[in-house]
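Written out below as structure tokens is the structure these notes cover.
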There are 2 protein chains.
Amino acid sequence: MTETAPRPTLEAVAARAGVSRATVSRVVNGGDGVREPLVERVRKAVEELGYVPNQAARSLVTRRHDAVAVVVAEPETRVFADPFFALQLRGISKELTAHDNQLVLLLTEGRDDHARVGRYLAGGHVDGALVFSLHLDDPLPGLIQRAGVPTVFGGRPGWSGDRQGVVYVDSDNRGGARDAVRHLVGLGRSRIAHIAGALDQTSAVDRLDGYRDVMVDADPRLIVEGDFTPAGGERAMRELLARCPDLDAVFAANDLTASGALRVLRESGRRVPDDVAVVGFDDMLPVAEQTDPPLTTVRQDIEEMGRLMARLLLRGLDRHVGEQGIGAAPSSVVLPTTLVRRASA
Amino acid sequence: MTETAPRPTLEAVAARAGVSRATVSRVVNGGDGVREPLVERVRKAVEELGYVPNQAARSLVTRRHDAVAVVVAEPETRVFADPFFALQLRGISKELTAHDNQLVLLLTEGRDDHARVGRYLAGGHVDGALVFSLHLDDPLPGLIQRAGVPTVFGGRPGWSGDRQGVVYVDSDNRGGARDAVRHLVGLGRSRIAHIAGALDQTSAVDRLDGYRDVMVDADPRLIVEGDFTPAGGERAMRELLARCPDLDAVFAANDLTASGALRVLRESGRRVPDDVAVVGFDDMLPVAEQTDPPLTTVRQDIEEMGRLMARLLLRGLDRHVGEQGIGAAPSSVVLPTTLVRRASA
DNA sequence: CTGAAAGCGCTAACAC
DNA sequence: GTGTTAGCGCTTTCAG
């Protein structure tokens, strides 16, 4: 365990360079308005002493941290099992890094963690927060609002009383779902089932709504709620097959769900797409391309969503420092989706 | 985007409660040595004002952050694709949370990021670091050492000149590999191939060494280097099959690799385990149980490794504050592995 | 262009 | 027990 040596301070650098603390500070922060010879001397001293500014001290006065929290409200860390988060995080990470901001990942495993997260955000460790995967009854948004931290949400939050000034980035879930179902209809299918996602999330609700937009008076038995997991897809598919053995297509709420459905369909002796056509959602490559047959699905650019979330937040922060702001407050964005045809439908 | 209101300070709370800042500070930090009526008054003021301590100010004087960085040196964020990290992170997260420490995840996507990470660590944002997935030539350990942050490594670091006081947590990769190969030998197999991991990582080298321990004079053509991915496993398996069509067993460096190998074996018409027995490493449930046939593999308790890393680090930090330390400096730990028999061997 | 001085919000001795 | 007083290391007016 590396031992921790006492770090040199601004003071020390100033002494060594024979200048004042103020001058060192200026040089360290870009060196504008300091004459070249001095800049040189200070740089040298910094180098020799291995000086690194103490961020706590700096933040205390600037009220800036150049760090952004990413809060993942997924209980039981399904987080990493699901490539979805990975991609989104990656987009976020890239954008933040490009703007020299640090990503601080806050995982919440359960109820108890909420308080801790609230404390952390309110404690002024970060300049803003990116929040994900909210469920309808989640206490997190309230906590965050109280913490008074600028926030951008991933996915449309589903509170009833839509609060002012909430910014989010979402996919056009409803439109994408419509495209998927229309595609199945275009294939001549008529008994089109839907395996929904967990309906306490807006993405699941929106996709279901899109399905209903097209299948205006669908047989209610053709709709089963899943949970966005392969296991849930299997369960739902079994249920559907039992209820409606005559179904000829399935629109699954995401690719993971579709992969489970595919497995059950195969077990039951159905051929895909001949007997039953299947469409997923997400176009999660590792999943959609590996299934048998490869999955026709609705693509959303997940990494871009992440990047965009970060960008909106940072823009909002800049606006903050720039007083009443030249630019308008950032507003929510809904990204388009595209249907990707493979072999399953 | 939630607007940020000015937060009340200790001073404000003190004024409202009619006490000194010191008293408020005491109450906020546990309230020892303050008489009940005052504690009550202060609590009330804190509540009413919605006071939350400013961490930057606190850290400036205590030199404590109650935050630990997790540095993942995996280029190109393979991080999330691999359940391995997920589990380890989870263990870490649990342990840190239990000790009221915040996890700060630092992703490094490439060379450029190293400097940024170094700066972050040296900047005194965190009390310690947990570092993963080092490759032999990684500049990160050097940076970290220079940053002077107490660190625990995940997996034995592979530097030539073994530095003093390096603490790591690792699995008994060599022993586990021996068990795996011995199991295959016990099954009566003699042409046992090995698909190694990326040999710039000690885990891959150790597993290869374990294989060699048992197969003392193995046909060198039976050994191929992979890269811990399914695609690498496929490639390697094809190569092996071309070189040694008579092989009757494969020990793969991890389950992901094994899954790729399995696919190729099936393609080639070999039955597993009848024609070729296969053993993996990791016992990554989502992988090992889903393969066809389910994988016999060497289990390592990955989550526990994560938990242990965090525990060692925190223990070290406590020792630090407790001066010369009552307990000894924490030392490295190597966890045992166990063979899990399923259908593939 | 450079330096002196005043804090940022908090904790920790040290008095009372 | 409680209050007073110094700073922690840095940025930022404000003089010069």
Side-chain angles (χ1 to χ4, degrees), chain A residues 4-43 45-46 49-67 119 122-125 127 148 321, chain B residues 4-43 45-46 49-67 119 122-125 127 148 321-323:
Chain A
T4 168
R7 329 219 98 257
T9 74
L10 246 204
E11 183 85 52
V13 178
R16 176 154 197 134
V19 299
S20 73
R21 271 152 49 201
T23 298
V24 178
S25 177
R26 289 184 189 110
V27 171
V28 169
N29 294 296
D32 304 333
V34 179
R35 251 195 275 274
E36 191 46 43
L38 273 200
V39 172
E40 210 42 56
R41 251 179 33 226
V42 172
R43 288 250 164 80
V46 165
L49 264 37
Y51 169 75
V52 179
N54 176 324
Q55 296 302 326
R58 190 204 287 258
S59 296
L60 187 55
V61 28
T62 60
R63 283 130 191 302
R64 262 285 201 168
H65 304 267
D66 296 316
R119 240 183 301 133
H125 287 275
D127 300 324
V321 308
Chain B
T4 168
R7 330 221 96 258
T9 73
L10 244 203
E11 185 84 50
V13 177
R16 174 151 199 139
V19 298
S20 73
R21 272 154 50 205
T23 298
V24 177
S25 177
R26 289 184 189 110
V27 171
V28 169
N29 294 296
D32 305 332
V34 179
R35 254 197 275 275
E36 192 45 44
L38 274 199
V39 172
E40 210 42 55
R41 265 201 353 248
V42 172
R43 288 248 162 80
V46 166
L49 264 37
Y51 169 75
V52 180
N54 177 324
Q55 296 300 328
R58 191 204 286 261
S59 296
L60 187 54
V61 30
T62 61
R63 283 130 192 304
R64 262 287 201 165
H65 304 266
D66 297 316
R119 239 183 302 132
H125 286 275
D127 301 323
V321 308
E323 298 304 319

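Letters go in sequence order (proteins before strands), and every chain restarts at 1.
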If we fit an axis to the first five pairs and another to the last five of the helix from dC1(C)-dG16(D) to dC16(C)-dG1(D), what angle do they make, to the nearest 10°?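 Terminal axis comparison yields 40°.
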Residues in side chain to side chain donor-acceptor pair (under 3.5 Å) with [X], at least two apart?
X	value
Arg16(A)	Glu48(A)
Ser20(A)	Thr23(A)
Asn54(A)	none

Indicate, with a heavy-atom threshold strictly under 4.0 Å, whether Arg26(A) touches base, sugar-phosphate, or nothing.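 Base, at least one base atom sits under 4.0 Å.
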As an exercise, state the distance from [atom1] of [X] to [atom2] of [Y], rounded to the nearest 0.5 Å.
X	Y	atom1	atom2	result
Leu10(B)	Leu49(B)	CG	CG	11.0 Å
Arg7(B)	Arg63(A)	CZ	CZ	11.0 Å
Gln55(B)	His125(B)	CD	NE2	14.0 Å
Ser59(A)	Leu60(B)	OG	CG	10.0 Å

Is there a donor-acceptor pair under 3.5 Å between the side chain of Asp127(A) and the backbone N or O of His65(A)?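 Such a contact is found between Asp127(A) side chain and His65(A) backbone.
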How would you give the extent of chain A contacts on DNA chain D, as first and last nucleotide 5' to 3' within a 4.0 Å heavy-atom cut-off?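 Using the under 4.0 Å cut-off, the span is dG9(D) to dT13(D).
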If you look only at distance, which donor and acceptor atoms sit under 3.5 Å apart when one is on a side chain in residues 27-38 of chain A and the other is two or more places apart or in another chain?
{"from": "Asn29(A)", "atom 1": "OD1", "to": "Arg58(A)", "atom 2": "NH1", "distance (Å)": "2.6"}
{"from": "Asn29(A)", "atom 1": "ND2", "to": "Ser25(A)", "atom 2": "O", "distance (Å)": "2.8"}
{"from": "Asn29(A)", "atom 1": "ND2", "to": "Ser25(A)", "atom 2": "OG", "distance (Å)": "3.4"}

Salt bridge (charged side-chain N to carboxylate O under 4.0 Å, His left out): pairs with one or both residues in residues 19-29 of chain B, sequence neighbours excluded: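 The answer is Glu11(B)-Arg21(B).
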Residues within residues 18-25 of chain A bordering DNA chain C, heavy-atom distance below 4.0 Å: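 Of all residues in residues 18-25 of chain A, the ones placing a heavy atom under 4.0 Å from DNA chain C are Val19(A), Ser20(A), Arg21(A), Ala22(A), Thr23(A).
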Mind running a 4.0 Å heavy-atom check of residues 28-39 of chain A against DNA chain C and sending the residues that fall below it, in number order?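 By residue number: Gly33(A), Val34(A), Arg35(A), Leu38(A).
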Where does the chain A footprint on DNA chain C start and end, counting 5' to 3' with a 4.0 Å heavy-atom cut-off?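 Listed 5' to 3', the contact boundaries are dC1(C) to dG9(C).
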Set of side-chain contact (heavy atoms from CB on, under 4.5 Å) partners for Ala17(A), sequence neighbours left out: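 side-chain contact (heavy atoms from CB on, under 4.5 Å) check on Ala17(A) returns Val19(A), Val42(A), Ala45(A).
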Non-neighbouring partners of Ala15(A) that pass side-chain contact (heavy atoms from CB on, under 4.5 Å), sequence neighbours left out: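 So Ala15(A) forms no side-chain contact (heavy atoms from CB on, under 4.5 Å) with any residue.
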